[in-house]
Every structure is written in structure tokens, then in C-alpha cells.
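Notes follow once the structure below has been shown.
Naming convention: chains lettered A, B, ... in sequence-line order (proteins, then strands); numbering from 1 in each chain. Here the structure is a predicted model, which means the values were calculated and not measured.
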There are 2 protein chains.
Amino acid sequence: MTLKQLNYALALGRLGSYINVAKSMGVSQPAVTLQIQALEEELGIILFDRSTKSVEPTLNGIAFLEKAQALLTESKQLEDFAIQLSEEVRGELCLGIIPSLSPFLVPLFIDELNKKYPKMKLKIQEAITEDILEGIKTGTYHGGILSTPIISKGNLEVKPLFYERFYLYVSDKHQLYSQEEIDISSMDYSDVWLLKEGNCFMDQVTNICSIQPNQNENFVYESNNIDALRRIVEYKGGITFLPELSTLMIPSEQEEMIKDIKGKKKVREISMLSLKTEVRRNLINAVCEVIKECVPSQMLGREDKEIVKTNFVEK
Amino acid sequence: MTLKQLNYALALGRLGSYINVAKSMGVSQPAVTLQIQALEEELGIILFDRSTKSVEPTLNGIAFLEKAQALLTESKQLEDFAIQLSEEVRGELCLGIIPSLSPFLVPLFIDELNKKYPKMKLKIQEAITEDILEGIKTGTYHGGILSTPIISKGNLEVKPLFYERFYLYVSDKHQLYSQEEIDISSMDYSDVWLLKEGNCFMDQVTNICSIQPNQNENFVYESNNIDALRRIVEYKGGITFLPELSTLMIPSEQEEMIKDIKGKKKVREISMLSLKTEVRRNLINAVCEVIKECVPSQMLGREDKEIVKTNFVEK
DNA sequence: GTCATTTAATAACTTTTTCTTATTTAAAAC
DNA sequence: GTTTTAAATAAGAAAAAGTTATTAAATGAC
């Protein structure tokens with residue numbers, strides 16, 4: 001019995017066909033067939049029923065695979081543990097990042113991170129706050145980058161990374177375009193383009209001004225993509241809210257369209273979340289450190305800033 | 001990382017030298033060296049310190065090996081589990097048997113067992129009651145064959161196998177040789193050869209007659225070997241107690257020396273013990289069944305027999 | 001029912017891995 | 001310093017795992 005054989009058998013139980021297992025493992029189909037045959041031969045039990053087209057685990061197979069899964073999970077944990085012992089910044093790290101941040105933050109630090117820690121394999125997935133928290137708890141993600149503070153029951157470690165201002169992006173055809181700073185209370189909300197509901201950036205925007213989403217517009221565009229809203233403002237006119245990082249990548253021709261919000265600087269707090277028990281602490285710390293290096297330094301401090309609340313409460 | 005590598009590494013941690021690991025695994029010394037090198041290479045940590053002659057695990061090595069041991073134990077349990085699922089009488093079974101029984105019982109059934117269940121690998125170890133019970137609880141033995149009833153706190157399954165009479169073996173030079181049945185109370189205890197103290201057969205003998213061991217003899221021979229006592233009786237004279245099974249193998253020339261004890265047939269109860277949770281139940285049942293087949297049929301019933309108590313109480 | 005399609009099993013062969021023997025190196029014992 | 005013992009290394013042999021090509025069997029369309 002080898003770990004490789006168990007791995008193939010588990011995959012066959014999940015995927016239900018030899019050919020798919022072969023594809024997912026990057027080997028040929030007979031390789032899988034032979035290994036599973038060898039395993040059944042050695043164990044003396046039939047794990048899979050091939051009488052029909054779809055390969056199904058037998059009753060014995062189901063019972064065996066359940067325990068085999070536990071063994072394989074433990075073997076993965078042992079490898080992780082060895083990486084911890086080596087005290088190197090090495091191994092795989094899966095992070096979830098909110099969509100209003102990810103397209104601007106990731107390009108900013110990914111190259112530097114890779115240069116500094118070439119042995120770290122970072123997997124980034126865009127997801128909304130709720131799914132990130134769920135993922136952290138189920139082990140899908142080792143950590144998440146999102147807007148805080150949030151109310152959560154979990155045993156979570158929260159590390160603030162930076163504070164990101166809110167800006168307005170105003171069409172040059174709009175009446176407010178001439179002003180340097182815009183008083184939100186004076187705004188006509190029907191001109192404002194917003195992100196899809198449930199997006200935390202959107203939630204915070206409604207906290208800044210008392211907008212009712214999709215109130216009385218005749219054209220609704222539901223998206224989590226801030227760049228798309230910017231293009232709509234450019235081509236169709238109107239106003240949208242932008243997070244600070246997104247403004248860094250705006251070409252100088254459009255720079256005039258970015259407007260401050262009148263009053264104390266409104267910011268959202270961006271933090272790294274992970275389980276307190278997470279063993280990949282060194283990897284997470286490395287990512288935090290590189291992000292802080294790559295983000296404009298004025299975003300690091302929280303002086304003269306008003307942190308906008310999130311509406312997030314874990315169900 | 002493979003289970004084989006972990007196995008080699010664990011053995012190296014235990015045995016402290018590559019050459020001993022190689023011997024115990026039945027491979028050459030470079031095979032072990034290469035596998036351990038590959039493991040360290042893959043994990044990225046040094047597991048063993050070779051600076052000195054004796055190979056010692058590093059601090060990382062100790063931490064890693066501890067978890068690796070758990071993994072390997074689980075993998076063994078998974079293989080056991082597969083054997084259970086197969087419902088075949090197959091796999092390894094370790095039994096402890098008391099020394100007053102083992103040399104007469106084992107030859108009786110071992111051949112039949114092997115014929116009937118060729119896939120069973122039986123490991124038998126001679127040990128005293130106390131060590132057998134300890135071994136069953138620590139997992140060294142999957143079961144034990146010993147004299148019951150015993151008082152034990154453990155969660156033990158007790159299966160009576162047969163009832164074995166006590167006989168006397170009397171030298172032809174002894175005054176009692178002429179009698180067919182011997183009244184124990186009339187015996188001179190200074191003529192009696194006994195087994196080592198702590199042996200359960202011996203304990204039961206002292207329950208039958210009120211002998212005080214090593215009372216006033218001028219020659220003491222401490223042994224757990226009943227055959228040795230028999231030879232002493234033959235060459236030097238005197239009397240010894242014999243369990244029934246040992247009398248089956250006595251040649252006809254000495255048959256006359258075997259004497260019944262006067263009164264109701266005194267027997268010891270021989271049982272198979274195992275943890276109630278033991279997964280190798282089918283193997284244990286197979287052994288019980290074969291033993292019952294191989295033992296003379298008159299030993300199976302308990303009618304007209306007086307079961308002699310053991311003194312055993314678990315500490 | 002026949003035929004086309006899909007997938008698993010088998011066969012023959014290749015590559016990779018693991019192990020072996022022989023030898024070198026290094027540490028401990030004398 | 002010499003001998004002894006054990007680990008590391010090198011090179012080749014054996015075993016294991018993988019490959020392609022082909023066959024067999026099952027499903028679905030007609």
C-alpha cells in the first residue's frame with residue numbers, strides 16, 4: 001500500500017472515472033488502472049464496481065476510502081509540518097481577496113513577493129467576505145484579505161494592513177466636475193453608479209452617504225468590477241465611487257475626474273484574516289510584510305482618517 | 001514522501017544506525033541511506049545528525065518522527081481494516097500463552113490451523129499471565145490463552161476453550177507409585193517438585209493442596225518448564241504435578257507414573273482473552289475453533305469437574 | 001437489433017525509481 | 001598510528017511505475 005495508490009483510489013471515488021483521474025493526476029489511464037489493481041490485490045478487497053460504465057465504489061470501497069482520506073489528509077499535514085520546521089518561507093498558501101481590492105492590490109505586490117520568496121506558491125481567489133470567512137473556517141483558504149472590522153464568532157487573527165480612502169470619479173460632462181472637493185450630501189444619487197449589492201465596498205459606500213441602492217435608475221448594471229463602472233462613467237457620464245488603490249492606475253488624462261470627498265478623509269480598513277491556529281503563519285506574515293512595502297506609504301497610517309464601518313455580521 | 005521512507009526513518013530513529021535498519025528491513029545499507037536522503041531533500045529539513053558515529057535524530061527530526069509514527073500506525077490500521085472488510089481469515093495475529101500450556105497446546109493445533117487458514121500469520125509468545133494482560137492492553141498481543149477466571153479491570157472478552165485436569169507424576173521408586181489414585185492430603189510435600197513462583201499453574205497447585213512452596217527442600221530448581229520437572233522425577237525421584245495436555249505426549253513406558261488425584265476431577269479452565277474492541281475477531285475465533293477441534297473431546301465439557309481458582313488479581 | 005462512441009483492461013515496451021555490490025571516506029577504538 | 005566499524009558515494013542491476021497501442025465491453029443513437 002502506497003500513498004500514491006490511495007491518492008488514485010480517492011480520486012477515482014470522487015471523479016468516478018479512470019480517465020478523469022488520469023487527466024487530473026497528469027498520467028495515462030492505464031497507470032491509474034494498474035495502481036488501483038495493485039492496491040485491491042494487496043488489500044484483498046474489491047474497492048470499485050466496474051460492472052456498469054460509471055465506476056462506483058463498492059460498500060467495502062466506501063468504508064475503506066473514508067479512512068484512506070483521513071490518512072492522506074494526515075500525510076499532507078505531516079508535509080506541512082515539515083515545512084514549518086524548516087522555518088523557510090516555502091509551500092502553498094491559498095488566500096481569498098475581496099473583488100473591490102484584488103484587481104488593484106494583487107498586481108501591486110505579486111512580483112515583489114515572488115522575487116523575495118520564490119519558494120512560496122500563492123493561490124489567490126477573488127471572493128466576497130462571507131465566502132472568504134467560510135473558506136477560512138473549512139480550510140479552503142489559509143487566509144483572507146478583506147475590509148474590517150467585521151463581527152465574527154470564529155477564532156480569527158486580524159492583522160490590519162492599510163487604510164484605503166474613498167474617492168469619487170466624476171464624468172467631465174457632469175455638473176460637479178468643476179469642483180475640487182465634493183460634498184456628498186449635495187449629490188444627486190440617481191447619477192451614481194454602484195457595485196452589486198452584497199459587495200462590502202458597496203456596503204461601505206451606502207454608509208458614507210445615505211444612498212438607497214438601485215433607487216430610481218432606468219439603467220442598472222450589476223457588477224463587482226470597479227473598472228467597468230469607471231468606463232461607464234467615462235462613456236455614459238455620471239459618478240461612481242473609487243477605492244484609493246484603483247486610482248493609482250488611472251492614466252493622467254483622466255486624473256482630473258478623480259475628486260476628493262469633502263470632510264475628514266474617509267477610509268476602509270484592509271486586514272489580513274486567518275485562523276489563530278493556522279500553521280502557515282510565516283507565509284502569511286511574509287505576504288503582510290510585502291503588501292505593506294508595496295502599498296503607498298500614506299495608506300499605512302490611520303491618522304486624520306475616519307474608518308468607515310462594514311455592515312458585515314456573520315450569520 | 002512515501003510510507004517506505006517514513007518507515008526507514010522511524011527505524012533509524014529507533015535503532016540508531018543505518019546498518020541495523022538495513023538488517024531489520026532486509027535491504028542493503030545504501031538503500032536506507034538513499035531513501036532517507038531523498039526524504040530529507042523533499043521535506044527540506046535535516047532529520048538526523050551524522051556528525052558523530054551514532055546517528056541521532058535532530059530536534060526537528062524528533063518532532064517530525066513523532067508525527068510520522070502516528071501516520072504509520074494509522075496506515076497499519078488502515079491495512080488491518082481492509083483485512084476485516086475482506087472477511088477472510090487472513091493477516092497477522094499475536095498471541096501470548098502461559099508457559100505451562102504453550103509447549104503442549106501449540107504443537108497440538110498449529111499444523112491444523114495452518115492447513116485450515118494458510119493466510120493467517122500467527123505469532124505466539126510464551127509469557128506469564130500478568131505480562132499477557134499487560135500486552136493485550138498495550139497492543140503487543142491481540143489475544144492471550146491463559147487460565148481463568150481472573151479478576152481484571154480491563155474491557156476483556158473471555159472465551160473458555162477447555163478444562164484441563166491436574167495429574168500427579170510419581171517416580172517408580174516412590175512409595176506412592178503402587179497406588180492408582182492418590183489422596184493429596186496423605187502426601188509428603190517435601191517430595192514434590194514445583195514450578196517457579198508466579199506461574200499460574202503453580203498457584204493453582206498450591207490451591208489444590210496446601211503446599212508452601214520451597215518449604216524445606218535441599219535442592220531447589222526454579223523453572224517454568226514442566227518437561228524439566230518430569231525428567232527430574234524420572235532421574236532423581238519424587239512427585240510433580242502435571243497438566244492433562246502434558247500427559248498426552250508421555251511415552252507408554254512412563255504411562256504408569258501418571259496418577260489420578262483422589263476425589264472430584266480437579267481442572268483448570270483455559271480461555272482465550274482479548275480486548276472487546278479487538279478488530280481481529282475473526283482470526284481469534286478461528287484459533288479458538290481449531291483449538292477446540294484439536295483438544296481431546298473429554299476436555300471440552302465441564303461436567304463432574306471442579307474448577308480450581310487462580311490467584312490472579314490485576315494490580 | 002446494429003453501429004458508433006466512450007471507457008476500462010490488457011499487452012508490450014520504456015522510463016524512472018529503487019536496490020545491489022563495490023569502493024571510498026570518516027569516525028571511533030585500540 | 002593502525003585497525004575497525006559504519007556511512008557516503010558510484011555504477012550497474014532489478015523492480016516498479018509509466019507509456020503507447022490495442023482489445024473488450026458497455027452505453028446510447030438509430
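- Between A/Gly13 and A/Pro57, the closest heavy-atom pair is CA-CG, 4.3 Å.
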Please set out all donor-acceptor pairs under 3.5 angstrom arising from side-chain atoms of residues 4-11 of chain A, sequence neighbours excluded.
| from | atom 1 | to | atom 2 | distance (Å) |
| --- | --- | --- | --- | --- |
| A/Gln5 | OE1 | A/Thr2 | N | 3.1 |
| A/Gln5 | NE2 | A/Gln35 | OE1 | 3.4 |

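- Shown for residues 39-48 of chain B: no residue has heavy atoms falling under 4.0 angstrom of DNA chain D.
- When each of A/Arg50 and A/Ser28 is assigned the nucleotide of DNA chain D bearing its nearest heavy atom, the one mapping closer to the 5' terminus is A/Ser28.
- The interatomic distance linking A/Gln35 (CD) with C/dA8 (C1') rounds to 16 Å, in whole Å.
- Under the side chain to side chain donor-acceptor pair (under 3.5 Å) criterion, A/Ser75 pairs with no residue, sequence neighbours left out.
- Contacts with DNA chain D (heavy atom under 4.0 Å) in residues 5-16 of chain B: none are found.
- Between C/dT7 and A/Ser17, no contact under 4.0 Å exists linking OP1 or OP2 to a side-chain N or O.
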What N/O pairs connect the protein and nucleotides 22-25 of chain C at under 3.5 Å? Give each pair on its own line.
none

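- Using a 4.5 Å heavy-atom cutoff, the side chains of A/Phe109 and A/Leu122 are in contact.
- When only modelled atom types and interatomic distance are considered, B/Gln29 and B/Thr33 share a side-chain donor-acceptor pair under 3.5 Å.
- On the nucleic acid side, DNA chain D has its first and last nucleotide under 4.0 Å of a heavy atom of chain B at D/dT5 to D/dT9, going 5' to 3'.
- Taking atom CD of residue A/Gln37 and atom P of nucleotide C/dA9, one finds them 6 Å apart after rounding to whole Å.
- A/Ser51 and A/Asp49 are linked by a side-chain donor-acceptor pair at a separation below 3.5 angstrom, with hydrogens and angles left out of the test.
- Taking the C1' atoms of five terminal pairs at each end of the helix from C/dG1-D/dC30 to C/dC30-D/dG1, the two resulting helix axes are inclined by 30°, rounded to 10°.
- B/Ile19 has its CD1 atom 16 Å from the P atom of C/dC19, to the nearest Å.
- For the pair B/Asp49 CG and C/dA27 P, the computed distance is 12 Å after rounding to whole Å.
- Checked against salt bridge (Lys or Arg N to Asp or Glu O under 4.0 Å), A/Lys276 has no partners two or more places apart in sequence or in another chain.
- Applying the salt bridge (Lys or Arg N to Asp or Glu O under 4.0 Å) test to pairs two or more places apart or on separate chains, those with a residue in residues 20-46 of chain A are A/Glu40-A/Arg50.
- For B/Lys137, the salt bridge (Lys or Arg N to Asp or Glu O under 4.0 Å) partners at least two apart in sequence or on another chain are B/Glu314.
- Paired with B/Arg90 under the rule salt bridge (charged side-chain N to carboxylate O under 4.0 Å, His left out), one option of B/Glu88, B/Glu87, B/Glu92 passes, and it is B/Glu88.
- Annotation: side-chain contact (heavy atoms from CB on, under 4.5 Å) contacts of A/Thr138 (sequence neighbours excluded): A/Glu134, A/Thr140.
- The pair B/Arg231-B/Asp227 does not count as a salt bridge, with every side-chain nitrogen at least 4.0 angstrom from each carboxylate oxygen.
- When the side-chain contact (heavy atoms from CB on, under 4.5 Å) test is applied to A/Asn282, the partners found at least two apart in sequence or on another chain are A/Gln84.
- Atom pair A/Lys4:NZ and C/dT16:P shows a separation of 13 Å (rounding to whole Å applied).
- Of the residues A/Val290, A/Ile284, A/Ile291, the one that meets the side chain to side chain contact (heavy atoms under 4.5 Å, CB included) test with A/Val287 is A/Ile291.
- For the residue pair A/Gln77 / A/Thr73, no side-chain donor-acceptor distance below 3.5 Å is found, with atom types taken as modelled.
- A donor-acceptor contact under 3.5 angstrom links the side chains of B/Ser274 and B/Arg281, judged on distance only.
- To the nearest angstrom, P of C/dT6 lies 13 Å from CG of A/Asn20.
- Two residues, A/Ser51 and A/Ala31, neighbour DNA chain D, and the one matched to the more 5' nucleotide by heavy-atom proximity is A/Ala31.
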